[in-house]
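Here the structure comes first, spelled out in structure tokens, and everything after it is commentary.
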Amino acid sequence: MSDIIIKAIDLTKIYKIHRFLKTEKVLALDRLNLEVKKGNIYGFLGPNGAGKTTTIKLILGLTPQTAGEVFVLGKDPRDVATKGKIGYLPEIAYYEKYLRIDEILSYYAGLYKMDSKFAKERIDYVLETVGLSLFRKRFLHEYSKGMLQRVGLAQALLNDPDLLILDEPTSGLDPIAQIEIRDIIKDLAEEGKTIFLSSHFLSEVELICTHVGILKNAKLIKWGPMGDLLKINKFFEIHIEANKEFENEITGYDVSKIRVEDKLIVSTEQAEFKDKVLSIAIKTKARILAVYPRQDSLETLFKKLMKGNEDVHTN
Amino acid sequence: MFTQIKAIVKKYLLKALRNKMFYSIIFISIAYIYLVTIIKFFDIEDTFQFLIDFSLSGIFNMGVLLALTLGVNEISSEIKSKSIYLSLSKPLDRLTYLIGKLLGILIVLFIYIFVIGLELIIVISKMAPGMILQVIGALLLIFVKLGIISAFILLFSLLVSPVINVFMTLLVSFIGHISINYINVILEDSYSPSSIMITKLVKFIFPSFEFFKINEALIQYAKIDFMYYFEVMLYGLLYTFFILLISNLVFREKEL
């Protein structure tokens, strides 16, 4: 099997919205090129309406693309056998509330063509994994949102998938549950599963993802390994007990300054300016408190990308 | 495929059997058949005719109501709530999904026909014991007719809103019941080529439910040939399958 689990080539989706006497076209995804390799935890980010859910629907073969191609595990995602190797957790838990948890899981096990003995074993295992084994006989309408999210994860794991597609897996969960779900995802990645994760929680993505892709206005504007993307925005932070002379001297340099109480924090992306700031501090007898090499958090990077027109990627 | 259909049917049955509407319709139907049986006419033949006409048409109409109640929202609500994403993200062919849904509705309808039919057969066994088999045949034909109606309900649930679905299903039922003789009269009397074409098209496309109505023969205590039942049931099954295939074509192209 190839190392590439998901591959999208110029994948485009245009929705046609039929209104009275006219049809409106909406570009939901514009020439998406994407590659997710085996074992990656790929964080897929973007504001609402950027095209994340459309991409997931295309990867799952739920909707046909307008142009381009998408391959999942080397095959067309509409290939029924391919779907047997995918686990999917939707953003909102859409489950029939009149069913009990063991009934809904047995329904999904049936869709995976599991015989009843194997299905029972898998249901026991996934309920144990998501911490719901004590609640299996309860009706779904009795569950909180967090519990339903666990049910969602349980059904996504039923077939022991090679690829897990998780749409907002920690949405609506309390902090403890968020940590628990995050730990489960990490464990699954350690088992060698490939995870494609869409999330609004940037800190969560930064914590667990190996790769990231950022969508904006239906286009993938930034992608690459997490470490490499954050390294692009490396900078230095110099903490100084500044005096007037120091502040006058650094005026005109390409640095940013923030005053925190009696401390001045000078930031610059360029090493030469860092050296220059340090030499000015020594010259003006301003006390250097600390020098930190920093890099943007994913949140800062995301904010910058949403404001600007950046189109950068790393390989 | 069998395991998948079994899973879909099981889930559908759990839903239907936990729905109070199912029991309400069964209860109302039992009460209706009881009311029909207690009405007596001076002539026993009139009583038998009344019983056959009203009970069979009542069983069909309540069956349509049950099929609409349980089927009209079946796919559209899953699309609306997006729970269908979870099912179709599994290795499930869309035709299998539709077959599972239709079989679910048919099993519920079978339970309904069985319960109400049993009540009717008990009454018939006292009034005209020789007609029991013919009445069972009539009930089976109603079941097959309801199968066609259910296939239409599923097809419409992929295309239109539940309210329009109800309206269209009732329209199909109404047009399907128009007598073939009456259609032929329209064709003979019509001079407009367009109206002839439309009438022929309606005759060709819509199901002919007239074949399923054997009330006249029952009232006259006539024996109906087994082959007649076989042919009509085959027609019903083929028609249902045809509608299912159209539904599959629609479903495959549907944006979810």
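Please read all numbers here as calculations on a predicted model, not as lab measurements. Chain identifiers are assigned alphabetically (A, B, ...) following the order of the sequence lines, protein sequences preceding nucleic acid strands; residue numbering begins at 1 within each chain.
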Once rounded to the nearest 0.5 Å, what's the spacing between atom [atom1] of [X] and atom [atom2] of [Y]?
X: Ser106(A); Y: Lys6(B); atom1: OG; atom2: NZ; value: 9.0 Å
X: Tyr107(A); Y: Leu86(B); atom1: OH; atom2: CG; value: 9.0 Å
X: Lys15(B); Y: Leu99(A); atom1: NZ; atom2: CG; value: 9.5 Å
X: Lys11(B); Y: Ile104(A); atom1: NZ; atom2: CD1; value: 5.5 Å

Write down the atom of [X], the atom of [Y], and the distance for their closest heavy-atom approach.
X: Tyr112(A); Y: Pro91(B); answer: CD2-CD, 3.4 Å
X: Gln4(B); Y: Leu111(A); answer: NE2-O, 2.7 Å
X: Ser89(B); Y: Tyr88(A); answer: OG-CD2, 3.6 Å

Other residues, nucleotides, ligands: >12 heavy atoms within 6.0 Å of [X] [atom1]:
X: Lys82(B); atom1: NZ; result: no
X: Asp76(A); atom1: CG; result: yes
X: Phe167(B); atom1: CZ; result: no
X: Glu128(A); atom1: CD; result: no
X: Tyr32(B); atom1: OH; result: yes
X: Phe22(B); atom1: CZ; result: yes
X: Phe110(B); atom1: CZ; result: no
X: Tyr23(B); atom1: OH; result: yes

Tell me yes or no: between the side chains of Tyr108(A) and Ser87(B), is some donor less than 3.5 Å from an acceptor?
no
Examine whether an atom of [X] lies under 4.5 Å from a heavy atom of chain A, and if so say whether it belongs to the side chain, the backbone or both; otherwise answer neither.
X: Thr96(B); value: neither
X: Lys10(B); value: side chain
X: Ile8(B); value: both
X: Arg94(B); value: side chain

### Message
If you count heavy-atom pairs within less than 4.5 Å of chain A, which of Gly100(B), Ser77(B), Ala7(B) leads?
### Response
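Result: the option with the highest number of such pairs is Ala7(B).
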task: Identify which of Leu14(B), Ile5(B), Leu92(B) forms the greatest number of heavy-atom pairs closer than 4.5 Å to chain A.
output: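 Looking at each option in turn, the highest pair count goes to Leu14(B).
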Under 4.5 Å to a heavy atom of chain B? For Lys113(A) that would be both
message: Quick check on the interface: out of Lys57(A), Arg78(A), Lys83(A), who has the most heavy-atom pairs with chain B under 4.5 Å?
response: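 Highest number of heavy-atom pairs under 4.5 Å: Lys83(A).
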For this session: Considering only heavy atoms and a distance below 4.5 Å, find which of Leu62(A), Thr63(A), Asp115(A) pairs most often with chain B.
Result: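 Between Leu62(A), Thr63(A), Asp115(A), the count favours Leu62(A).
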- Item | Salt bridge present between Glu103(A) and Arg18(B) (N-O < 4.0 angstrom) |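 Yes.
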